[in-house]
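Have a look at the structure below before the remarks.
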Amino acid sequence: MQFSALAEVFDRLEQTNSRLEMAEILAAFFRTVEPTELRAVIYLSSGRLHPEFDPRELGMADKLALKAIASVAGCSDKKAEELWIKKGDPGTVAEQLIAKKKQMTLFSEPLTLTSVISGLTAIEGAAGRDSQDKKMKHLARMLHDATPLEARYLCRIVTGRMRLGAGTMTVLDALAAAFATKEDRPDLERAFNITCDLGLVAETVAAGGVAAVQAIPVSVANPIKVMLAERLRSLDDILLRMDGKCALEYKYDGIRVQAHITKTGVKLYSRRQEDLSPNFPDITAALQRQLRGKEAIIEGECVAYNPEDDTLLPFQNVTHRRKKHGMDQAVSDVPVKIFMFDLLLLDGVDYTMRPYPERRMTLEKAFAAAGKAPAGGYDHLDYTVRTIVDNTVAAQKFFDEAIGAKCEGVMAKSLSPESIYRAGSRGFLWIKYKKDYTQALVDSFDLTVVGAFYGMGKRAGVYGALLMAAYDTDTGRWGTTCKLGTGFDDAFLAALPGRLEHYRAESKPSAVDAEMMPDVWFEPGLVLEVTAADISISPIHTIAAGAVKEGAGLGLRFPRFTGRVRDDKSPEECTTAAEIVELYRLQEERDTDSVEAQERDADSDNETNK
Ligand code: AMP
């Protein structure tokens, strides 16, 4: 297949916002593609060579791509960079500069899908000291043979900027239209949910039709989209919804993992299919050692744990295990246990379609000595604490025990014969019930005042807003995280200048990092309690600079003073940069979760409306 055919389809997709039209364009194109090529086409449309759970990435820096573009277009790096600053996308730069050059080029061979895949594979595999140079040359070689439109997409693919707008659901619609029927669409979706590999589903349906798709097995080689819980406001509502009887499990406050265990290795996937195995070497070893069978897929919650007094620690502790470096230290500093709650595969038997009571019973027999501390150490494996209830009094008692054991609440699970593991779906077979349903998304923050802005209008003559900072324990410095102007009453505002006078500074205090310029500076001293709607990446605030995004810090959105002055806290005891990063990541996980839910709701609405 010529690469130009694919580039033209990408271009057409970009020109429409209609999901229906995108599916039509894709379906017509898919019919013209060989099944083996279709797999690569699917990956390339999202700028990859592999399914998303595969951590390999092309990840070429924009500036490196610009060098390749400049060398092929015969212009200076500076010229390419100037255009990039205007356009913001190396793809557009490549298209424009190569269009100018092309009129003069005589010798070039048309790109094929195969030649592009091998060029991209070479970029991905380039290693060693001169890897950057090699990557640049591989890209330049392809650009030499590329049309301007092909150059646009080659550069977007290598720099991770493919955003065609055709999501998984649209591609599944197109696959159903091209190779099956509308009625087969749920089978395609299930195949995707149990493999997380759209390329595999596409190749299979193109080669063997829907019967082949139905035969795709649950496998240790592919992560499975996780099942999610609905929520209800009371235990009464839950029991009613569960026909009067259900299982209740402790809802642990940790990191969910899906473990794929074989004799040769163990992979732990997060709920977003990231590979977490390097972060939990102790858990992977215990799972492999204690599994009675040859292979299994199980799910559980990894929770930080204090082996000395046998207690669970809050979520923030286990997030120390999510870092990329210094894992050995984190493993010894933060002991972790996995509380297993589900079984999806055991020795070739797919349990996802079996009811929950059978899955749980089999899970409890699958591991040797889980939950029993071995001599001389604590056991890494345990099962979630559970009970069966048929009345609210018993349910409330179990809930209180869960809270007492430092859990977030309980998970109610249906015992019905239909209680299968619904991969990738949120439904009422699982219902969560938490203590903090009425609380805001994130905890409150203790921040110190480092600056003030003079008030206007009603607030003329007093400070109208404060510049607030959090503490970075690694650097011993304070970084700003919000401008606070809400939650003050008149009396507080009137007393504020007097309260702050002691800390007033001539210029920016040396221990403060700030980009925002207040009218008055203060040394860190006065600590106030603040709540916020959420945390966002901020170009102006400096706390946790670079931790989430290069060149940006983290800012609190819609901050509000709670009325509590934390006289009991020194500015060194403020909320730390690390905590803000953790809360940001937690919020991200929850947001993805709810976005996924909304997308799925929208999709099922669309399905019903069809
Ligand atoms: P939430 O993140 O609030 O939507 O709650 C769902 C999450 O609770 C799951 O993704 C798991 O990470 C976690 N969880 C904790 N304990 C359990 C349990 N016993 N069964 C299922 N999920 C659990």
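Just follow the structure's listing: the first ligand is 1, and inside any ligand the first atom is 1.
Note on ring orientation: taking the six-membered ring where Trp is involved, the planes of Tyr252 and Phe339 are parallel (angle under 30°, cut-offs 30° and 60°). Ring planes of Tyr433 and Phe399: tilted class, angle from 30 to 60°.
Of the heavy atoms in Arg271, only side-chain atoms (C-beta onward) come closer than 4.0 Å to ligand 1. Residue contacts with ligand 1, taken as heavy atom pairs separated by less than 4.0 Å, do not involve Phe339 at all.
Stacking of Arg359 on the aromatic ring of Tyr351 is not recorded, the 6.0 Å distance cut-off and the 45° axial limit not both being met.
The distance between the ring centers of Tyr43 and His50 does not fall below 6.0 angstrom. For an aromatic pair to be called close, the ring centres must be under 6.0 Å apart, and Tyr250 with Phe398 satisfies this.
In terms of polar-atom proximity, Glu301 is counted as a contact of ligand 1, with an N or O under 3.5 Å from an N or O of the ligand.
None of Asp382, Thr311, Asp310 except one satisfies the side chain to side chain donor-acceptor pair (under 3.5 Å) rule with Tyr305; the exception is Asp310.
Taking all heavy atoms of Lys251, Lys413, Arg386 into account, the minimum distance to atom 20 (N) of ligand 1 is reached by Lys413. Across the listed options Lys432, Glu249, Met340, Glu249 owns the non-hydrogen atom lying nearest to atom 18 (C) of ligand 1. When the heavy atoms of Met411, Glu408, Arg256 are ranked by distance to atom 6 (C) of ligand 1, first place goes to Met411.
Close approach to Lys434 involves these atoms of ligand 1, each under 4.0 Å from a residue heavy atom: 3 (O).
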